Structure formats: C-alpha cells, structure tokens
Amino acid sequence: MENCIDITEFVEIPVIALRGLVLFPNMTLHFDVGRKKSISALKSAMNKNQKVFLVTQKDASLDDPKLEDVFDVGVICEIKQMIRIQNSSNLRVVVKGISRARIITFLQEKPFITGVCDIIEEKEPADSIKDIAASRVTKKEFEVYAQNYSKISNEVISKIISITNVSELSDYICANTFFDYEKKQQVLEECDPSKRILLVLTLLRSENETLDIEAEIQEKVQKEIDKNQREYFLREEMRVISNELGEEDNPVEEADEYKNRISALDCSDEIKQKLYKECDKLMKMPQGSHEGTVVRNYIEKALEIPFGKFTKDTLSLEKARKVLDKDHYGLDKVKDRIVESLAVFKRNPDFSGQILCLYGPPGVGKTSIVKSLAKSMNRQYVRVALGGIHDEAEIRGHRRTYIGAMTGRIADAVIKSGVMNPIILLDEIDKVGNDYKGDPSSALLEALDPEQNNSFCDHYLDFPLDLSKVLFITTANDTSTISAPLYDRMEVIELNSYTVEEKFNIAKKHLLRKEMQKHSLTAREFKLSDDAIYKIIESYTREAGVRNLEKHIATLCRKATVELESGKKSVRITAKNITDYLGAEKYTKDEVAKDNQVGVVNGLAWTQVGGTLLPIEISVVDGTGKIELTGNLGDVMKESARTAVSYIRSKADEYGLDKEFYKNKDIHIHAPEGAIPKDGPSAGLAITTALLSELSGIEIKHNVAMTGEISLKGKALAIG
C-alpha cells in the first residue's frame, strides 16, 4: 500500500499533541512548537528515525493533556525540517504524514510523551462506479466551496481535479478546507475510502449551505447599513440647509432627540412604534406649521407618562392602623375594610379587588381618610374632582382632530403622580352629569373595572394605558344618582354621621390642635374648655360631619387672636362666655310636652345628624269635610294622612266615633316648623294616633314617641 509504512504492527514512538490542527497521511503540515514536552519529543525523534506521532487534543486549552484528553486516531509522520524561531525558544517544524495510527497507551509522560501506536491498515479503494460518481460530485462541491474563500489557491483546485484515488482525494480536500478540527477528525478516523468520500461530500454540502445563508444575511445587513447611511447623509444635508437659512429649530434634530427619549422608555414595542411614526411625521412637516405643534404636544405628553416607574408599597397592617387611628377618630368599619384590603395586597401583590366607594354625608372625612391610606402605603395620592363633569372627553380625553385636545383626567392623574401605581381618589362620583356630549359615567366603567383597566384607552393618547396597578377609591354623598353598571363595579362602604362623643374627640384631638397651629396660638395663650366644645356641638352646629364644627373653632381662634393682639395675655373660652364670641345659640334641644294632650303625638324624624322629634298636631272643627295639610309636607306624608282618615272611617263604630265626621268636620293636620321640608314613609302611625285622639277626645301620653307606616287595613309597617 502506498499510504502504509513497512514497520511492525505496534510502534513505540514519541507523541506530540496538537491544538486545533489535524494532519492527514501524505500531507505536509507547518506548525510551531512551544511546549517543553513537545520540543523534547521532536529532539528525541530527530536523534532516532525522525518519526513522530501527531494526535489532536479534544480540548485545545489544556497545557498538559493525558491519554483521555486526546483523540484515539492520529498520524505517524516524518520530520522534514526543524528550525528555531529567532529570539524565541519555540521551534518551527515541517512534517509529512505517513500513515493513520491509533494510540494504545502512554509509556511515559516525562520528559516527553512516548506512546504505543497501532498502525491502521486502510482498505484498498475499490474504484467502483459509486466511488467515481462520489469523487466527481465532491470535486464540484469543492469548487463551489473554493469560490467563497480566496485563500484557496488555483494550484490546490487543479491538483484536486487531477487526483483519481478516492482515499487520497478525501484526505487532500479535507486538509485544504477550513472545517473545524472536530469535523476533520471525523474524516481522519474513517478508514473506509468509500464512506470517507461521502462524509467529505456531506460536510462540504453542509458548509456551502451555511455559507449561502451567511451571504444572504450579509447582503441584507449591508442593504440596511446603506439605507441608514443614506438617511444619515440626507439628514445632515437638511441640517446644513436649515443652518444656512438661519432656522434655529430644526425638525430633524428635534425628531432625533424625541426618538432617543422614546427608546429609553420602559414600555411596549407597540407604543414605541406609534411614537416613532409621530416623530417621522414631525420630521417632514415645515417649520412653524400648526400640525407640527399638535404632533409636538402629543409626543411631549406621551413622554410624560411614567412607564415602568412604581413606588414600593409598605404593607404593614400595624402601621396602617396606627396612621388611620392617629388621623381619624371613629370610622371603625371603614378602617377595618381598608386593613382587610392591605392584608390581601400583602399576600397577593397582583390582586385587583373591587373599587371602594366611601358613601356618606359631607364633612365625615371621606377624602381625608384616603390621604391617610396613601400615607400608610407609601403611595402617591392624586385627587380627581368629578363634580359637575358632563363631557365624556373629560374622562377619556379628546381626539386629536381639533385645537385644544388634551388627555382625560384619569391619564392626567397618572402623569401628575409620576408613577404607574398611585392612589387615585375619584371625588364626588355621584355628581357626574350627562348631556349631548356623552355620558362620563359610562366612560368610567372601563377605568374602574379590574378586568379591563389593564388596557385603558385614552382617546388623546390612542394607545392602551395599564391602570391595573392603580388603586381607585371613589366618594359619594348619595348613591341613588350613580348609574347601575357603575354602582355594580364598586363596593360601597357607608360612613354614618358622628355622634356627639365622636365629634368631641375629633375636635379635642384634631381640629383644635390644627386651628391653633394655623393661627399660631399656644396652649398658654388660648384655652377652649371641654364644656365649650360640647356647647358648640349641641347649640351651634347640627351636621353629620365636623366641617362646621371646625369653622366655629376657627372663629374662636380668630377672635382670640384679636384680643391677644390688643394686649390681653390669655383667652379662656367656656360654656358660660361662648355666646360672647359666637352669638346667640342657633339650635335648642327637643323639648317634650309636660302634660298629656289631645291630638298631639311625638313623631320621629330622620336627619343626617341622627334624628329629631317631629310633633304631629291635628285639629278637628265643624265644617264640610275638608282635609287641610300644612307644614311643608311631601307627597308621601300627604298620602299617609289620607290613609289615616280612610282607616279611621272604616273603624268608626269600633272606636265609638261619629260615622259622618268626614262630612261635617274639617280636619287640619300640621307639622310645626313649616319652613323645613318634611317627607318620608314613617309618619302614618303618628298621624293615625293623633287623629283618633282628636276625634275621640282621649289624651296621648306626652313621653311617648312613635314612627312607622300604617296600611289601609290598619297594619303597622316597618320603619321606612
């Protein structure tokens, strides 16, 4: 065989491990040697028969490879030339491959590696038709491969064309390619020439396909680079032209600046692409055009949205309760509900529960308790006043088709807060109106629905805004005016009126301190006694909340300030001298009659401050059967009066009354304090009792009060 040497089957020979290089039989290889072991192995070989075994390392980074770190198959070669590199200890070696061999073991590793190799007897090429066909196809494939590499010389291509031996062709082609050393090792280890030529063909075809794809990618990249360079040069020309014309504001520079700011936004690619398109529009618009101003304002507003900015919640239930208790006295039901929500948020930060609606009369602390919640959670707080809004665009924003278009109040609140998870208070949601411009209540439905508000669409912005992390809280004085779909999305928590004791504690712990601080009064200069606070509550204010109470305390502070500035050392206000500062008492306590009376019943009326006595007076005189109702009564109370008359007529015999009283008597029903409107479904029993007393002459106990409706058949109904 031409590619086998005439030596014994097993050979003891110096071994050199190559890094990233593979040598083939009958091929010449030039390489540098720097490792001391390899240099010693070369010198030993030169002193003997100039034969050395070259085998490739599996990991090229190893400096001291062991038997398991090299491939099994290598090449026994002859050293043709060995030169020391100038100014270096390294050697430059030229070797020629002789025969494939398999390493059996290392005999020694110091001072150089010596191993035992088993020469591989290669199969003789069969020169079959299949091998001839494979050779031709492989040569053509190599020509295609060579076209992509200018380093492959024409001499190599010419020699490949002239080679007819399949085994030699496979080795020569593989030696002259730029395959990875692992692929070349596969070819080296294949001893069957027919299989080897097919393996080389497969590797060439795979490499050519990869090169085609690389060329296609490079072409696309080059086109993109050319396009970007063209745009760059055109923009530079526009800048130069603008500078020559003396234009200070250049649309191109402005658009580029906007694009840089947009690319830094932490938002979705969809939003960025939309803003990029607006920048392209701005670039094409003439300087000073109205359309350019509209686009510019839109981009500036979009850039103000705090995408990706969040405040970190401090969800401490104990701290939240302390803050709420410190800022507000009473309101236990509301505080409990808020603490429950915080507990759920703490366990599941992604929870989106129902929207809370704080419902109650004015002045009970609906707005201020939301401020305290924001403080306890460490969230930004924004208040949106909805009272009097009747245009849908106030909520959803205006479309950018006319002058004065702007974002809606929801988007504005998010921008104002500077984060994407503020607490937004929608104040007075029951005061929202509607007209031909749309229904704002319907526009609020999307923002207040936890299932939809992750993609709230403001008409001005025209891209989805994620409100899922916003905590919405609403307030209302009267839930009956809220639309049913909007009411359904909210969880209503009622804040009832304060009791006298609650008002006293609020005034003592909060309002008095606040007003004294506002008027720069010290405890030594100004003193308001406890009985004076009770006097203000009972005789000067009659309200559900504490707003008027605060105003009266402020009045006392002002008057005290005047006296102090006039030379007085201190001012002390008590229940005895409070009339000197606030004037005569406005309200008196309900007085109960001292004696039993005929035709007079103590009714009970509901008010925002709890309730009051409402006397019902009835007088029956000779007449023609007229029924007179006075006292500013509503329709419901008028109907109750007629029902009472009809019921007593049906029971006249049972109670021993004149059956014709409705013909020969005039009945006058009156509720005192006629200037105050009165209505409600709970006066029926009182009117019936008073009328029966007047007709029968039986007195009614003066210390009894009653409320409730009566049916036409005499059934006492539940309190309304």
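Nothing here was measured: the structure is a model prediction, and the numbers come from that model.
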(request) Test K319 against S376 for side chain to side chain contact (heavy atoms under 4.5 Å, CB included), laying out the working first. (result) CA-CA 7 Å; K319 177 189 173 186; S376 68; 5.5 Å; no

(message) With a 4.5 Å cut-off on side-chain heavy atoms, are K277 and K281 touching?
(response) no

(message) So F142 and T177, do their side chains get closer than 4.5 Å, heavy atoms only?
(response) yes

(message) Is the ring pair Y298/F463 parallel, tilted or perpendicular, if the boundaries are 30 and 60 degrees?
(response) perpendicular

(message) Tell me whether K416 at atom NZ has more than 12 heavy atoms from other residues, nucleotides or ligands lying less than 6.0 Å away.
(response) no

(request) Grab the two heavy atoms, one from S38 and one from V33, that are nearest each other, plus how far apart they are. (result) CB-CG1, 3.2 Å

(request) Indicate the atoms forming the closest heavy-atom contact of R100 with V187, along with that distance. (result) NH2-O, 3.8 Å

(message) Please evaluate residues L342 and L373 with respect to the criterion side chain to side chain contact (heavy atoms under 4.5 Å, CB included), reporting the C-alpha separation (whole Å), side-chain torsions for both, the decisive distance (0.1 Å), and the verdict.
(response) CA-CA 10 Å; L342 292 179; L373 172 63; 4.2 Å; yes

(message) Testing T114, I113, I13 one by one against F53 for a side-chain contact (heavy atoms from CB on, under 4.5 Å), which residue passes?
(response) I13

(request) Report, as yes or no, whether the 6.0 Å neighbourhood of atom NZ on K58 holds more than 12 heavy atoms from other residues, nucleotides or ligands. (result) yes

(request) Go through the structure and list residues passing salt bridge (Lys or Arg N to Asp or Glu O under 4.0 Å) with K322, not counting sequence neighbours. (result) E318

(message) Less than 4.5 Å apart, side chain to side chain, heavy atoms only: is that true for M420 and P306?
(response) yes

(request) Look only at the side chain of D180 and the backbone of E182, and say whether a donor-acceptor pair between them is shorter than 3.5 Å. (result) no

(message) The test is salt bridge (charged side-chain N to carboxylate O under 4.0 Å, His left out); show your working for D412 and K301 and say whether it passes.
(response) CA-CA 9 Å; D412 267 345; K301 180 62 75 172; 3.7 Å; yes

(message) Can you confirm whether more than 12 heavy atoms, excluding those of R102, are under 6.0 Å from its CZ atom?
(response) no

(request) Count the heavy atoms of every other residue, nucleotide or ligand shown that sit under 6.0 Å from CD of E68, and state whether that count exceeds 12. (result) yes

(request) Flag the pair D458 / L465 as yes when at least one side-chain heavy-atom distance between them is below 4.5 Å, and no otherwise. (result) no

(message) Contact between C279 and I299 at the side-chain level, heavy atoms closer than 4.5 Å - yes or no?
(response) yes

(message) Are V75 and I98 packed together at the side-chain level, in the sense that at least one heavy-atom pair is separated by less than 4.5 angstrom?
(response) no

(request) Check whether any side-chain heavy atom of R19 lies under 4.5 Å from a side-chain heavy atom of R35, and answer yes or no. (result) yes

(request) Mind running side chain to side chain contact (heavy atoms under 4.5 Å, CB included) on V200 and E141 for me, showing each step along the way? (result) CA-CA 10 Å; V200 172; E141 202 67 43; over 6 Å; no

(request) Decide yes or no for V73 and I120: does some side-chain heavy atom of the first lie under 4.5 Å from some side-chain heavy atom of the second? (result) yes

(message) Walk me through whether I424 and F472 qualify under side chain to side chain contact (heavy atoms under 4.5 Å, CB included).
(response) CA-CA 5 Å; I424 295 181; F472 287 102; 4.0 Å; yes

